[in-house]
Amino acid sequence: MSKALSDIDIEKERKEILNAFRGLMRTVKDRNKEDTRTIRRAFDVAVEAHKEMRRKSGEPYIYHPIAVARICAEEMSLGPTAIVCALLHDTVEDTHITLEDVEELFGPKVRLIIDGLTKIPEVFDENASVQAENFRKMVLTISDDIRVVIIKLADRLHNMRTLQSMRPDKQMKIASETKFLYAPLAHRLGLNSVKSELEDLAMRYTDPSVYAEIQNKLKSTKDVRNRFIRKFVAPIKEALTYEGYIFTVKARTKSISSIWRKMQTKEVPFEEVYDLFAIRIIVDTPTELEKPDCWRIYSIVTDFYQPSPDRLRDWISTPRANGYESLHTTVMSPSGKWIEVQIRSERMDEIAEKGLAAHYRYKESKTSETKFDRWISEIRELMASPDANAMDFIEEFKLNLFNDEIYIFTPKGELRVLPIDSTILDFAYDIHTAVGDKCIGAKVNNRLVPLSYQLQSGDQVEIITSTKQKPNEEWLRYVVTARARQKIKSSLNEVRKAIAMDGREILERKFKQHNIQFDSANISLLEKYYKLPTATELYFRIAKGKIDLKKLRELENKNGFLQLEKPKPVPRKIKKENISRVDNKNDTIIIGEDFKDIQYKMSQCCNPIPGDKIFGFVTISEGIKIHRNSCPNAEHLMSKMAYRCIKARWKGADLKESMAAITVTGIDRVGIVNRITEIISNQHNVDMRSISFETNDGIFEGNMKVMVYDTEHLNNLMQKFEQVDGVQRVVRKGAEAD
Ligand code: MN
């Protein structure tokens, strides 16, 4: 509601402005005369610069910088320099004042901070990545001075508190931006009360009806809650007083936005949010006694109330990343309600409310190796990394926001919420089944990682797929989401069915060879013989070569039907393994490393290698030739000249594929992962069991396990890898049995 300028009593307004300034000065602690003079000068400069400007509400603009400065002093415990900067924060952008003027009047430090503040746009672009980039710029200014960010938060907080005078469409935009960018930033900086207030203010505009509903319910249940709290804390207070502690007990109601979050994630109504409030015991004690005193108080509390052992959080021994220290326990009240009790010292409470910055009171002089400095330098390091992109920063600030969920970003900055412990495979299936099924790895924050990589909140994930990839059983161990599990299972079933179809064909051919009728009676008899539950399982095993169909002969064939009566033959042991010979009883040639008894050659048409299913064909002049069962000539030979075919098998009847581990190293190049997986997929009979890639400083390392028949097979594969552009070394890490 703006009044016409002429109606305004300028003198009265000047007095009111001065009053507001005096109110601000009362909140600035630890100031000397020089500080007072500088702040006053900043105030005068700001008043003069903004004198023609009014806010949307109609009030003089100067009220805004005064309010921002007061938030800095009162709610964030910042010192005189920050107050000066807060008073001047909009001058360079909106008035005739220049950065040079600021430097001349207040020195280079203030100029630096104002410069940082001026670079941050008031409202970001619609586009998520532009938003992120601007946000990054803002956070980058921390490397100059962290006060830039804290003052910016104070600025945003005041704008949110006075948002009602804005146009509704602007309200929505500013509110959602506050929720998306500023609240997580406040959280990351440990400004917890600012974070809660920003979230609540934002929700008032983004979800007005829910906000009002929860607010009303909180109000109407207030009396009952207060009675309950009084009763609950009475014995604790008495015991603490008896032991001589100086303490305060507060009951802190959860913020409306966090109640709403809880209602959504736990899918419960307001009435079932059990931790609407927490009891906070703040003890006044010297630093060296903080820890023992907090634990002693814990012990007193749990003397009265039974604690839940899995809800004890000791952030005193291990403070959280944003500096938060406290001891949390959840205890059972006599009425059967769980109550969270937070135990902390005065110092810890100040950090919890106002952030680490408050505690160390960012002094003008450089303090030594404090926790705060270390933390700031960590942030600087993070930002100095040249290959990290803008989105990474936002994600970093979203860390640890909620404990049971993680926030993952797509390469385009789209947010996905996953349960904690999710892997890249969960993420891939969350995007699309087709992405999950073809996933071979991912880039997480520009680093190549394997399928089993566990995601952290804030990770930015780019899934790498290969058309040749397919899910395998092992994947089930990697995933935690129900969706991924179910999709993998159904894929596996399909693959299994397809393999079973092959097995069915193989069996059909075998039956034909032996003149056995391919019908349900014979098939179910085979199922019984091999003790398998279904025909699909039987076919599957046949296709995988796990069932030796040579045993078909042992099941007597009567007019095309199988019979089970015959006792199972005891498998023969082969004694002289290293020689090839005709096993007279079974009419089988055993192919060994050296052979004396029988002359044979590998046929040129199909080049059998150990592990192949083979048979021998007696030639007229060249002895026995060994063919693969799948040789193009096999069908012809076996059907037309069956009398000249003899069974053959490799030395050691159980020779199977074996697992080989290969490590490929080289230079990380675009597409190298896809090239390698392509090679594996295109190789006949190579079954990839696992694959993972890592890069470090541009050096690429791929580790994979493949199933191969023999060394030749493996060498072939390794040679192919060596030919890939960028690959420098391919080594076998030693094979292991399947
Ligand atoms: Mn402002």
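The chain is numbered in sequence order, starting from 1. Just follow the structure's listing: the first ligand is 1, and inside any ligand the first atom is 1. In what follows, every heavy atom counts, from backbone to side chain, and hydrogens, waters and symmetry copies are set aside.
Between the Mn ion (ligand 1) and the N, O or S atoms of D90, the shortest distance is to OD2.
Rounded to 10°, the angle formed at the Mn ion (ligand 1) by H64 NE2 and D155 OD1 is 70°.
With a cut-off of 2.8 Å, the Mn ion (ligand 1) has an N, O or S atom of H89 in range.
Among residue pairs with one or both ends in residues 27-60, those qualifying as ring-ring contact (aromatic ring centres under 6.0 Å, His included) are F21-F43, H50-Y61; sequence neighbours excluded.
Scanning for side-chain hydrogen bond (donor to acceptor under 3.5 Å, both in side chains) contacts around R204 gives Y211, with sequence neighbours left out.
Q456 and Q454 share no side-chain donor-acceptor pair at under 3.5 Å.
The main-chain N or O of T27 is never found under 3.5 Å from a side-chain atom of E74 such that the two would form a donor-acceptor pair.
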